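In what follows, every heavy atom counts, from backbone to side chain, and hydrogens, waters and symmetry copies are set aside. Note that the structure is predicted; figures quoted are calculated from it, not measured.
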Amino acid sequence: MSNDTLSRRNFLRTTGLGSAGLFLGLYLPDAARAMIMTEHEALAADVYTELTAWVLIEPTGKVTLMCHRAEMGQGVYHSIAQIIAEELEVDLASVDIKFAQGNEKKYGSQLTGGSSTIRGSYKNSLKLSASARVVLTMAAAARWAVPIAECYAESGHVIHKPTGKKFHFGELVVEAAKLKAPENIALKPRSAYKLIGKPLHRKDTPMKTNGSAIFGLDKRIPGMVFAAVERNPRLRGKIKSFDDSATRKIPGVTNVIKIAMGVYEMDREGVAVVATSTWAALQGKKALKIEWDDTGFEHVNSLEIFSKQRELLKTEEGRILTTQGDPNGVITQSKDLLDVVYETPYQSHCAMEPLNCIAHHRGDTVEIWGPVQAPNWIQDYISKKMGIAFEKVIVNMTFLGGGFGRKALTDYPHEALVISKAIGLPVQVVWTREDDATQGPFRPGISYRCQGVIDGNKNISAIKFRMAGQNNDHFRSGDNGKANRSTSEGWLKPYFESIKNISFADVTFKTPIPTIFWRSVYASTNGFAYESFVNELAHKSGKDPLEFRREHLKEERTQKLLDKVAEVSGWKNKGKGFGMAVTECFGTTVAQVVKVSKSKGGKLKIDQVWAVVDCGWYVNPDIIHAQVEGAIVMGLGAATIHEITFKDGLVEQHNFYDYKMPRITDIPPIEVHIMENNEDAGGIGEPGLPPFAPALTDAIFDLTGKRIRKLPFDMASI
Amino acid sequence: MISLNVNDQNFEIDADPDMPLLWAIRDLIGLTGTKFGCGVAQCGACVVHLNGEAVRSCVTKVSRAAGQNVLTIEGLSKNNDHPLQIAWNEENVPQCGYCHSGQIMSAAVLLREKPNPSDADIDMAMAGNICRCGTYPRIRKAIHMAAELSKKGGITK
Amino acid sequence: MTNKIKNYAKGHRGITRMTYVMGTILSLVTIMAFALHEDEKPFVASKKIVVVKDSVASVAAFHKVYKVLMSPRCMNCHPSGDIPLQGDDSHLHTMNPQRGVEGKGLYAMKCANCHQPTNTPGKNTPPGNPNWHLPPANMKMVFQGRSPYQLAKQLVNPKQNGNKDLKKLIEHADDGLVLAGWNPGEGRTLPPMSHAEFKKAWITWLTTGAYAPKAK
């Protein structure tokens, strides 16, 4: 993948489509555009015409489509193009795809999180691409002096139907860019799609099988050097003193600098070792002797964290997020209350590509190259923190070797810029796996107190959920006194129809441990607590967990989903060892059934997982399958293998030997099905994860009678 | 100076003999397809072939490879058409893609030594390679497909 | 850099010198052939009288030997299954590497792919040896789960010990991989006694008749 092939050309600064109304409704005057054009882009300036922010066409007919979001495995590099190509009428095989730079005005938010890329942009994208096709068609019709209705676009050409004459898009684009597309262009009905809805091969796959995909760590900038940083291992705090005499003796080490990296509102000190190779920097880091100053930092311990959460949940009512009826009244009067606590651990993201970033501080402009999920957040943070004009913070995205939420934070680009500023050179900062695993931010560890009452019809009459765990928002925007807005994330809305008395509350719990979203965010932990609790209530009422849900989730779309998961898993005639759960997050509902058994030796084994996904309108079913398979594997690891624990303020895990990952030998067969409907698109990168743990633990309950309320648990000990 | 033969090309590099082969390949020779994942031989992202064996370049000193033949993902085939590469593309295996250089290089040794591997063989060969995206079911399928492709004379593309 | 190369070479000279000293020690032990009797009879040398039978001393020496052989540094590569063990708690080796026919692993998971000729620096990194392997499939020499009696019998049974005679058994105390137990890499506990003590116990056991402790 090269961003450089557009260079040596003349960029025609036509705004495209006669009006910039098509740029997501945002008009960008030429002057502003010139300002945000980077040095890099300016060099590349040349003979392509930008028909929409995502569509660049050269006179030869070569079409380049922009990917404005981060590609971290979830497939947007491909699926954005699959959408555009459909309405633009170009061959997907022949287009190039390039990563856009950070430019919110042009592309809208580029924060790649909340499974938002497709669901947030597909309607606009279809419309823009159709408009682009129409102006190209208009240009051709005008040149032939024929009615537009006699012309159509196909495979990057406009064809005059009666005569068979054709122009390729490159011959039309300059004129087309001056035309205004009509309003209300009819979009294709789903039945007419040639690309959307098809399991097309991802366009980034070939680069990922021959080593040519450029991830952050692979990016090279002329004159760049390498750096590794030893940071305060207690997550915050300062340096008392350090001795770099051994470090400076290592051949290749050029600079040793005390730095501070901004992690949210705090500064974390460290010593950066700059060198001519990664290896020299890593060796230099190892040779440092640092005395840390932890004054004011609470030395947290995991045991205390979770016992404190339990204590709080005994008495505190917390901040109410949502409530209906009188759950307290029903619960107080109940003689048969189910009242239990679930516990979910802190987790590290541990993407396969450790954090890294290249930065070049040039004085009044700065440039970043790296695996980043939130280019605009970096622009915002750096401009405020370092006093650089927002548009002078240039952010270039590479492929991400996994992100899972961690690479949305601005700390590591900031750190790289601090080092570059000090040495005046472009520098690539490389985090070791140990840095990546131990230094957070982490998914918060959360305890949930769940209380519920079954009525005379053996249905749920009241539910009261309280969670005690850190609120990620407190780090990003402070404590606004309100409940964590994600307290009910994961919970299906139709439950509110059938359960008359219900409340969700957030019992404020703070520690100095920095936290951030982790794949599927609070749904990843809420889902375990809330859906396990529904399962427990089902068993208490003597009902089948799937039937129990049918009775509590009356909404038609959910009923269909339940029918489907029952059908594919053979639920009706199931034997022992089956469990299920359903969660909703980011606009997509996923139901899963897990089947477990024990071998003759007594070893517990997952025989099969069935997942049914209702994500509404979708682009590429194969990517959906892949995302749900992957989410289940990640959920399996988080439920049964790894957790981050703290002792005396230090993380106790370091690398894959003590923060173990699922391996190929641990993976059950996984079957994924997609619901077909015409509802709005939901997200797909995350929603497959939350239902796995509660489905698995209920399957274990079904088989063994053992109820698991604390994650992770060891399958071998069941 | 240390002499290395990487992908049939000779390189003379000025490296600390203790430098891991990984960093010599990436930083000195400039081939970045081989990845850094853990640095302690746990994840397999850095697998390259040293005289045909799937060594972990993050713990293999460059001195061990001196004068030997090293093959990286970039050298596995000229046109991305090794049966494993074809199968990886056909089965849409990668997600983020970061671990797959190592996955493919490990699988290549498996196929050479066991052209028709069973699921158990795949387990035995591939349990050393971590994929955080969870592409394992597809890795398994793709290895079986590559075995079939090889049987048919390999390259059908 | 040059310094490092020099140190490296010096290390080699050290090893060479040590081997020479060992050789001298070995030559002091009379070299002989021996025959092993099945059943309960002690192990005797056939020609020269170098084995001085002493069942009490022999069993006492074996108890020391047993402690070492059952320590994680020795037992981890003498597992009851075909996957080596790992760590001071002797858990199954992560990623399930297999013994393979020659004991050197299988496919992409050969011992030497991770285990280098020397220890990799740092904690939790692969320990190294130029000849890192498990016993081969046809001579598994299992330690894990063996009682003192079973292990003693097994060690001197040529059908189970790779056809080693007394001379070869004595030599084996100085095998590179045996010695590696005492150079296990950062963060790993050592066997419960020094190599010299172990070797003394080993030779004592063998040269006092290689008596096995009573079966329980």
Side-chain angles (χ1 to χ4, degrees), chain A residues 71-75 199 201-202 204-215 217-218 220 226 251-252 277-280 282-283 350-354 399-404 430 432-434 622-623 626-627 629-634 636 655-657 661-667 669-670, chain B residues 15-16 18-20 22-24 26-28 30-40 42-43 45 72-77 79-80 82 84-86 88-90 92-101 104 122-140:
Chain A
E71 173 54 61
M72 46 193 170
Q74 85 284 32
H201 292 281
R202 282 173 62 152
D204 52 346
T205 304
M207 293 178 248
K208 292 174 175 178
T209 59
N210 67 4
S212 63
I214 299 297
F215 295 87
L217 213 52
D218 307 331
R220 295 290 180 262
F226 301 87
S277 74
T278 314
W279 173 239
L282 293 175
Q283 275 187 306
C350 272
M352 287 308 293
E353 180 190 22
F399 278 112
L400 282 71
F404 312 119
V430 179
T432 62
R433 171 58 54 199
E434 289 80 3
D622 191 66
I623 292 178
Q627 285 307 298
E629 288 161 13
I632 287 167
V633 173
M634 196 161 173
L636 174 70
N655 199 323
F656 296 129
Y657 47 76
M661 289 291 131
R663 292 175 182 270
I664 196 167
T665 40
D666 301 318
I667 310 305
I670 299 168
Chain B
D16 175 350
D18 284 352
M19 177 187 276
L22 169 70
W23 299 115
R26 288 181 53 87
D27 289 356
L28 303 183
L31 294 171
T32 56
T34 304
K35 304 303 185 197
F36 168 57
C38 69
V40 293
Q42 282 285 329
C43 78
T72 72
I73 187 72
E74 290 92 342
L76 186 63
S77 71
N79 303 306
N80 210 357
H82 182 283
L84 284 163
Q85 291 168 317
I86 294 172
W88 245 246
N89 276 279
E90 284 301 309
N92 300 308
V93 178
Q95 290 183 26
C96 88
Y98 194 79
C99 71
H100 289 286
S101 299
I104 291 170
I122 292 173
D123 282 349
M124 289 189 269
M126 302 303 293
N129 289 78
I130 293 174
C131 173
R132 184 69 163 138
C133 298
T135 63
Y136 300 119
R138 288 166 185 242
I139 290 171
R140 186 182 298 283

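Listed options G134(B), G37(B), C96(B), C133(B) were ranked by heavy-atom pairs under 4.5 angstrom with chain A; first place goes to C96(B). Among M634(A), M72(A), R202(A), R220(A), the residue making the largest number of heavy-atom pairs under 4.5 Å with chain B is R202(A). Contact count versus chain A (heavy atoms, under 4.5 Å) is highest, among C131(B), S77(B), G97(B), for G97(B). Most heavy-atom pairs under 4.5 Å with chain B: of the set L217(A), L400(A), L636(A), this distinction falls to L217(A). The choice from G73(A), A631(A), G402(A) that makes the most heavy-atom pairs within less than 4.5 Å of chain B is G73(A). Chain A forms more heavy-atom pairs under 4.5 Å with one residue of G75(B), P20(B), G30(B), P137(B) than with any other, namely P20(B). Of the listed residues (M124(B), R140(B), H100(B)), the one with the most heavy-atom contacts under 4.5 Å to chain A is R140(B). Among the candidates A24(B), C38(B), S101(B), the residue making the largest number of heavy-atom pairs closer than 4.5 Å to chain A is C38(B).
Annotation: side chain of Q42(B) is not in contact with side chain of M661(A) (no heavy-atom distance under 4.5 Å). Put simply, the side chain of L28(B) reaches to within 4.5 Å of the side chain of M19(B), judged on heavy atoms. Proximity of K35(B) to L22(B): side-chain heavy atoms (C-beta onward) are nowhere separated by under 4.5 Å.
For Q627(A), the parts lying under 4.5 angstrom from a heavy atom of chain B are both the backbone and the side chain. Using a 4.5 Å cut-off between heavy atoms, M352(A) contacts chain B through both its backbone and its side chain. Contact of I130(B) with chain A is made through backbone and side chain together, with heavy-atom distances under 4.5 Å. Of the two parts of I623(A), neither the backbone nor the side chain holds a non-hydrogen atom closer than 4.5 Å to a non-hydrogen atom of chain B. Both the backbone and the side chain of I664(A) come within less than 4.5 Å of a heavy atom in chain B.
Nearest heavy atoms, P94(B) versus T205(A): CD-CG2, 3.6 Å.
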Walk me through whether I667(A) and V633(A) qualify under side chain to side chain contact (heavy atoms under 4.5 Å, CB included).
CA-CA 7 Å; I667(A) 310 305; V633(A) 173; 3.8 Å; yes
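Checked against the 6.0 Å centroid threshold, W279(A) and F226(A) do not count as a close aromatic pair.
Remark: the H201(A) side chain and the N89(B) side chain contain no N/O donor-acceptor pair separated by less than 3.5 Å. Inspection of the D123(B) and T665(A) side chains reveals no N or O donor paired with an N or O acceptor under 3.5 Å.
For D622(A), the salt bridge (charged side-chain N to carboxylate O under 4.0 Å, His left out) partners two or more places apart in sequence, or in a different chain, are R138(B).
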